[in-house]
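The structure appears below as structure tokens.
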Amino acid sequence: MQTSTLIIVLLLLSSALYYLGRQRSLTVANGEARKLHSLPSYYGYYAALWCLLPALAILAIWNGFETKVITTLVVNGLPDAVRNVGDAKLGLIVNDIRNLATGGMTSVDPDPAMIAAAKHYADLRGISHAALAVVALVIASIGGFFAWRHIATGHRARNKVESIVKGFLLSSSTLAIFTTVGIVLSVLFEAVRFFNQIPITDFLFGLQWSPQMAIRADQVGSSGAFGVIPLFVGTMLISLIAMVVAAPTGLMAAIYLSEYANRKVRAVVKPMMEILAGIPTVVYGFFAALTVAPFLRDTGGILGLDVSSESALAAGLVMGIMIIPFVSSLSDDVINAVPQAMRDGAYGLGATRSETIRNVIIPAALPGIVGGMLLAVSRAIGETMIVVMAAGLSANLTANPLEAVTTVTVQIVTLLVGDQEFDSPKTLAAFALGLSLFVTTLILNVVALHVVRKYREQYE
Amino acid sequence: MEIAMNTSEAVMSPESTIENGVLAPVRDAVGTPLLAREDARMTCRNVNVYYGEKHAIHDVSLDIGKNEVIAMIGPSGCGKSTFLRCLNRMNDTIDICRVQGQIRIDDQDIYDKSVDVVPLRAQVGMVFQKPNPFPKSIYDNIAYGPRIHGLSNNRTDLDEIVQGSLQKAGLWEEVKDRLDQPGTGLSGGQQQRLCIARAIAVSPEVILMDEPCSALDPIATARIEELIDELRSNFTIAIVTHSMQQAARVSQRTAYFHLGDLVEVGPTEEIFTNPSHKLTEDYITGRFG
């Protein structure tokens, strides 16, 4: 039986047990539901879960080990001559056997031994599937039956069902955490491989970034320097420009919207800002590359400045525009969180609106605003599309916003686009960059959350 | 303002308004809502307040005397807080709120277009239901008002104002060694006295108190009530309260509001011992409210 069919059968079985369990609870209570400890439906769920969960657990474990067990059995059945060819070759042979068994292509013409092995493999798989179906259905029936038998008026079905539901909630909440841990570990391992080839001090303190490795000794322009400083300087430069645009604009927009704007203006402007937040970054990217960058270059030309066609300024400006809604909605939230009593207190003393905002509301909301700004910075640092399109690829170590710079994210993209060889430092460097970027934004986020939390304690 | 009135006619009986046919219907308050001109600090005539479509206060005329404590009592939603907030135009901060009628302080109509709310609120200060010290130091909380109104020329002046206000509010001894600590760190009763000191610091003529003790324990309440009595020599105080005992203890005159109407006004003792209006009697004897 196919696994998917088996799951459907199990689901049908458990829904049948839901009705049986519910029915039985009413039977044992002589039709009077209030004699039961829990509502009848809880007895139904109790029986259904006991039917379903153990069977699904068996299914998961079985599927996890099936291939490994069968492969071992098949390999043990192969002639000695074939078995003792080394791990790499054996892997290929096993692959061929699997392909043969499922009717696919093989890398070499199959010999009789391999055909026999493939048949053996297919047989074992068939047996395994059949056995699994039988075992799962038996376990489901036993589980369901015992749960069904257990149902009595004093049986605490609700508590048991709810503890299982709580388990589900817990596992859902940890899913994201485990995924994050998985991502960090995978990046970490690749980064460690990179640091085995390039010393970590060269990476962290090197002033030159030129990841092309020479394949032959006489190649030019392939120095293979992995100094990360120009990338981080570029990232910081662009983030700084973005924050110079976004922080005051976003904050002032938030002040206007929360303190001055009447309801009509608010009803129009707020959704518009949210539309701005909904524009895909790739659209911002080509806006930066095709409109803003040429505009800046032409304007610079008129003013006698040498602006390169891909500049940190263009990318930073557009990124700043992109972050404005982010800053303004976070600031709006914290400004609105300042209790009305604060405003009343200031107005009651005869403070004007602007005095109230400057002296009372902003100081009270400041930690929250700072937290929001830090979150915005970490967003700017992690932003990719705009800088890929508008900032350029050359790793200049410069603080001049009119020159092309490159960022950490841009380099990760360029290192991993196209054909890869996963044993060269060039490709592995992407993971080291990813790790350092992750650590940077993580620190920023932790600091920001800490600041925001500190603020929350003030009024509660 | 919509109702044109002769400015010399500061004292005017509600009946005359009917005869003039300016507004109808006039709901007469029983008792003595109006005072002789020289006794009144604030005069309110035919005040109507609307929240959008809702008519929250109907035609209230009431004088607030010099150096008196006037208590406003009544069941929840009767409009007493709304009326109080009209007296320093705090209702301006509510978009949908409209105020009609005339409210004067020292012969100046506070809703006149030429009047700026900033000096008005310095003249008519306010203390709120919940203590709301700013998240600043105790010193800065008090100094805030004098600073925004430019009341002091130098630090010494400001120090004097701060100390004087805290002394008048009976808080000086408790906080003099920690003026630089946040005002939010004080206890509830201390915070409320801090807020009173903050209101006093701009030397207002009138102090409005909107249920100033409702968030406090009985001991802190007693302390504030004592303070209100002391402040009477320098200020006029209008206090909204839910506690009839409090009204009886602190006020000289009491005004009873009911569903947006001013029902009865009179000397506190009279209101509580011998109310003339049935509604007032029912309320103070605890039959409802």
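Both backbone and side-chain heavy atoms feed into the values below; hydrogens, waters and symmetry mates do not. Residue numbering restarts at 1 for every chain, and letters A, B, ... go by the order of the sequence lines.
Contact count against chain A (heavy-atom pairs under 4.5 Å) is highest for R198(B) among K130(B), M126(B), R198(B).
Rounded to the nearest 0.5 angstrom, Q340(A) CD and N132(B) CG are separated by 10.0 Å. Summarising the geometry, atom CG belonging to D92(B) is positioned 11.0 Å from atom OH belonging to Y347(A); distances are rounded to the nearest 0.5 Å.
Using a 4.5 Å cut-off between heavy atoms, F128(B) contacts chain A through its side chain alone, with no backbone atom that close. Proximity to chain A (any heavy atom under 4.5 Å) is shown, for V127(B), by neither the backbone nor the side chain. Within the 4.5 angstrom heavy-atom criterion, only backbone atoms of P133(B) (N, CA, C, O) approach chain A.
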Inset, instruction - Would you sort out whether R85(B) and D344(A) count as a side-chain contact (heavy atoms from CB on, under 4.5 Å), showing the intermediate values? - result: CA-CA 11 Å; R85(B) 289 167 66 94; D344(A) 283 349; 4.1 Å; yes
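Between R263(A) and I96(B), some side-chain heavy-atom pair lies under the 4.5 Å cut-off. Within the 4.5 Å cutoff, side-chain heavy atoms of Y144(B) are placed close to those of E355(A).
Distance alone, capped at 3.5 Å, is enough to place a donor-acceptor pair between the K136(B) side chain and the N359(A) backbone. One N or O on the side chain of H149(B) and one on the backbone of L349(A) form a donor-acceptor pair closer than 3.5 Å.
Among all heavy-atom pairs drawn from M342(A) and F134(B), the shortest one is O-CE2, 3.5 Å.
Around the OH atom of Y260(A), the shell of radius 6.0 Å holds more than 12 heavy atoms that belong to other residues, nucleotides or ligands.
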